[in-house]
A.B. asks: 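Please find one structure pasted underneath; my questions will follow.
Values below: all heavy atoms of this structure, side chains included; hydrogens, waters and symmetry mates excluded.
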Amino acid sequence: MGDTEMAEPVSGGEDRPISEHEATTKPPPRKRRRIVISCTECHRRKQKCDRKLPCTNCQSRNKESSCRYETGTPITKIDSKSTPSSLSLSNGSNHDRPSEAPDTKSASAADFGYSASAGSSSTLGILRKIENAAGAPLAGMPSEIPSEESYDMRERYKSLIRQLPARTYVERLIDIYFHDVNWQYFGIDEPLIRDLMNKWYSLPFNVLSGSGPLALDPMLRALPALLFQMMACALLYLPQETEKSFECLKYTNNMSFDDLSVEYSEAGMAILTLLGKRQMSIITVLAGWCRASLLKYSGMVTEAWHQVGTSIRDAQGIGLHRDQADPQPTTDDSSEEVMEKMWRAQHHRMVWLILMGWDLHTGAVLGRPTSIDHRLINRSFPIDAIIPKNGKRVPLVPRTDDDPPTPLTRGIWSWQVMKTLREIQNLEKEGPFPKDFSKVEKIHAEILEIKSRTPPPFRSENPDTRFDHLPECWWLPYARAQLPQLHAFNILALHRPYVFTRPASRNAALQASLEMLESQRQQFAVLDTAQHRTYSLFFGTFDAVVMVASIYILFPREHPELLDQARQHFQWAVDRFEKMAERNHLARSALGVLQAIWIRFKKAVGHGFLTCHCSETARAETEAASRWLASQSEAHASSASSHRNSNATSANSVPSTSTQPTPRTELNTPVGSGGTGPSPPSVPSDNGAFMSPEWTLPTDFDFGAIMPMYPMGDIAYNDLTGVLGASIGGSSSAAPTATWASAADASSSPGNMPTVAATAASGLGMSGPHAMSPMSQEQFPWQFGGEFGTDTIWNVLNQFPS
């Protein structure tokens, strides 16, 4: 046995004899091998490990099962001073000596990176004595050292969720959101949120105080952020009769519900920021989208647009834009699990559809590029199905015409209407003179064809009212008043770049604007005061009013048959803005702009402006519309009825009907075949409505140089305002330039100017600084202020004497 042992170390010498020099030379030093204290996954990815089991990095990547540590079995270091001969077991007594097995090193020592060869006086030896003395870790000592980063996250998370009110108030505010807000877009699945709320309020306290948010499911940990955003929106829609019951949520004396709404929304955003972009879920996307809704309601349109872009990127991060990321049923799933996954996939598709619609529509309204390249999107649409209360028991069955419509039905149809904006935005890149105007005609015909296919329950004329009495369809009259303006806005956006250079486009844009204003009037009539923050109530009116007024100011001899409707809708629009100003920041800031437009509008079309020449038939139709809408409002919105009664003295708030003919002009003008689009109306040679002299334009004035109008974008980005002053944008508003001198002299004659100035202030119904005397209006005219360029309509209108 001894011979065999002595032969082992020199067994390799048979191939090459060892020289005397090599035997006496010291072997090359071995490279020091550092002890790995990270888990195998963190070591492979070269990331810092916090030594938890599983560690935080493995949890964030869903690799908990792969999180292992190899430091419990360290590799014994070989003594570099020993020669090859010393490696032999020359003495058999070595086998009798107890060897230090690699696994004798404690886990605590491995955590600190100590090797097993340390003596009893070393730190490792002291740790061993402490462990072996009592046979167990010391009492009161943690089994693992917590990471400082995870501890900070846990404490910050706890401090944020402490701002949630009591469960009773949370549930009441969530109820208000689902009843008054969610039907508009149907982006949040109520059964899902209810289920997550039950799980959240069933969590034991030690989970949040000990493990922290990283121990929770990704959807559950982001739930407080979504709840904060939903409660913030609900506070803006509080019915007046319920406001007193929520007064206890305020923590200062002069705090308003608007202030509390901002507090809740900021707390929700702080939670999203704290959690970061790892392990995001659809709850994260919904919280960001709900934040964008709140910003729009609050008049912060720029911030809302950026937040929509962030939500889209988050949605793409979790794969909402791909069918492959939808929950897929497997053969091992039960029937309930299969149906639940199908409804979850349905919800994912609906959320992505909403984000695409917001991206398209917001870009078209603000004149900004979209965040989604819609040419590369190939996503399945959600199925129009009856929405169940429990998706685990009801299969996904398409809805039929005999089934009542749902908010999902409205959302799917809204996308069908808005998707033409993709082609419109691509066409805008060609400027005011596209190569082929047949593209404009084609898109115009497509919009009209889509409008003709409007589902019967959503039609504005002769609608299917079979389901209006159902409790779950209480929202139908509101949606019926909103959807027509989507069609009208598409036509307005299509012809917007060509209104100054193409008569057919002016005609189409003018008719679309009037229809938008009519739809806005109907929508405003059925809403109560708490819903005056609705974003569509502002942009639909403001963009249309600016378009109508600009066409009549620059081309006052055109479209005399629509003048009565135009000036009446202008009056109604101002009346709505004055009522909305208390709650709608955008409406309040736009009143000055309307004042400046109003003055120019009246001076362009002459005297008799405030006298409506509507026919007796149109007046009778309006009265019939008022009676019908009053009965509808009593049946579907008691709060809206009280609001109308309080404003019964105002004739401008009388709505028109969706079932009776109205004095608006339908967009059913046939498309011409000669490349000119919808045919403009003929202009009579003798028009008694225009009593003021025609505006004289420079002979070399280039209307093609005027940029397309984006009034909403100018309010949001360029700080567009109406101001009183002598110099706006570097030009003197008190003394117009020589270009417009003749028109200024003619329109400001002693017989004209006082009447125009006096009726301008009184017609708008404004008080305070808006109501100026005739002399003051002449000395300090209303001008448009803001950071707009010289090639915009606002700079052109500033040249008109006001």
Side-chain angles (χ1 to χ4, degrees), residues 183-184 357 361 364-365 410 413-414 416-418 420-421 447-448 450-463 475-496 508-527 531-532 534-548 562 565-566 568-577 579-580 584 587 618 621-622 624-626 628-629 632-633 636-637 640 644 652-669 711-712:
W183 70 269
Q184 301 179 31
H361 196 266
V365 171
R410 176 191 179 276
W413 178 247
S414 296
Q416 295 294 329
V417 175
M418 290 188 294
T420 55
L421 291 173
I447 296 173
L448 296 180
I450 293 176
K451 181 180 179 181
S452 66
R453 293 189 287 107
T454 301
F458 300 144
R459 285 199 299 252
S460 58
E461 294 184 357
N462 300 321
W475 51 271
L476 265 178
Y478 298 89
R480 202 171 288 142
Q482 285 183 349
L483 289 175
Q485 66 177 295
L486 294 180
H487 298 282
F489 176 77
N490 287 352
I491 293 183
L492 174 62
L494 172 64
H495 294 277
R496 180 169 48 194
L510 179 61
Q511 295 186 52
S513 299
L514 293 176
E515 183 169 350
M516 285 183 66
L517 292 172
E518 184 66 27
S519 177
Q520 290 276 285
R521 192 159 67 107
Q522 295 179 23
Q523 181 183 359
F524 183 82
V526 298
L527 296 179
Q531 295 177 316
H532 284 180
T534 304
Y535 171 72
S536 60
L537 276 180
F538 174 79
F539 97 85
T541 296
F542 187 66
D543 282 28
V545 162
V546 172
M547 176 62 71
V548 170
L562 300 177
Q565 295 182 48
Q568 182 64 78
H569 276 298
F570 201 115
Q571 289 272 15
W572 284 333
V574 174
D575 182 69
R576 291 196 298 270
F577 275 24
K579 291 181 173 66
M580 294 162 51
N584 195 308
E621 291 171 351
T622 303
S626 304
W628 176 86
L629 196 52
Q632 289 291 314
S633 300
H636 300 286
R644 287 193 306 274
N652 293 340
S653 63
V654 177
S656 66
T657 179
S658 58
T659 60
Q660 297 288 341
T662 58
R664 70 174 183 272
T665 303
E666 295 291 343
L667 289 177
N668 53 9
T669 306
M712 183 69 250

A.B. asks: Between W475 and W183, what is the ring plane arrangement, given parallel below 30°, perpendicular above 60°, and tilted in between?
C.D. replies: parallel
A.B. asks: Quick one: are L517 and R576 in side-chain contact, heavy atoms under 4.5 Å?
C.D. replies: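 Yes. Closest side-chain heavy atoms under 4.5 Å.
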A.B. asks: Specify the closest pair of heavy atoms between N584 and F538, including all atoms of both residues, with the distance to one decimal.
C.D. replies: ND2-CB, 4.3 Å
A.B. asks: Assess the side chains of R453 and Q416: does a donor N or O sit below 3.5 Å from an acceptor N or O?
C.D. replies: no
A.B. asks: Would you name the heavy atoms of A544 and M516 that are closest together and state the gap between them?
C.D. replies: CB-CB, 4.1 Å
A.B. asks: Students often mix this up, so state it plainly: with edges at 30° and 60°, are the rings of H569 and W572 parallel, tilted or perpendicular?
C.D. replies: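 Perpendicular: the ring planes of H569 and W572 meet at over 60°.
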A.B. asks: Check whether any side-chain heavy atom of V365 sits under 4.5 Å from a side-chain heavy atom of Y535, and report yes or no.
C.D. replies: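 The answer is yes; the side chains approach within 4.5 Å.
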A.B. asks: Hey, could you give me the OG1/CZ distance between T534 and F539, rounded to the nearest 0.5 Å?
C.D. replies: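 T534 OG1 to F539 CZ: 11.5 Å, rounded to 0.5 Å.
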A.B. asks: Check whether any side-chain heavy atom of I447 sits under 4.5 Å from a side-chain heavy atom of F489, and report yes or no.
C.D. replies: no
A.B. asks: Closest approach of H532 and L537, non-hydrogen atoms and distance?
C.D. replies: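 Shortest heavy-atom contact: CA-CD1, 4.2 Å.
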A.B. asks: First locate atom CD of Q568, then atom CG of L514, and finally report the distance between them rounded to the nearest 0.5 Å.
C.D. replies: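 Between Q568 CD and L514 CG, I get 11.5 Å after rounding to 0.5 Å.
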A.B. asks: Listed by chain and number, what are the side-chain contact (heavy atoms from CB on, under 4.5 Å) partners of A481, not counting sequence neighbours?
C.D. replies: Q522, Q523
A.B. asks: At their closest point, which heavy atom of Q482 faces which heavy atom of S519, and how far apart are they?
C.D. replies: O-OG, 4.2 Å
A.B. asks: Is a side-chain donor or acceptor of Q520 paired with a backbone partner of T541 at a separation under 3.5 angstrom?
C.D. replies: yes
A.B. asks: Measure across V548 and S513 and return the closest heavy-atom pair with its distance rounded to 0.1 Å.
C.D. replies: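 Where V548 meets S513 most closely, the heavy atoms are CG2-CB, 3.5 Å.
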A.B. asks: Considering the options L486, V417, N490, which one meets the side chain to side chain contact (heavy atoms under 4.5 Å, CB included) requirement together with H361?
C.D. replies: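 Of all the options given, the one that passes is L486.
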A.B. asks: Less than 4.5 Å apart, side chain to side chain, heavy atoms only: is that true for I491 and E515?
C.D. replies: no
A.B. asks: What are the two closest non-hydrogen atoms of Y478 and V526, and how far apart are they?
C.D. replies: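 Looking at all heavy atoms of both residues, the shortest contact is CE2-O, 2.9 Å.
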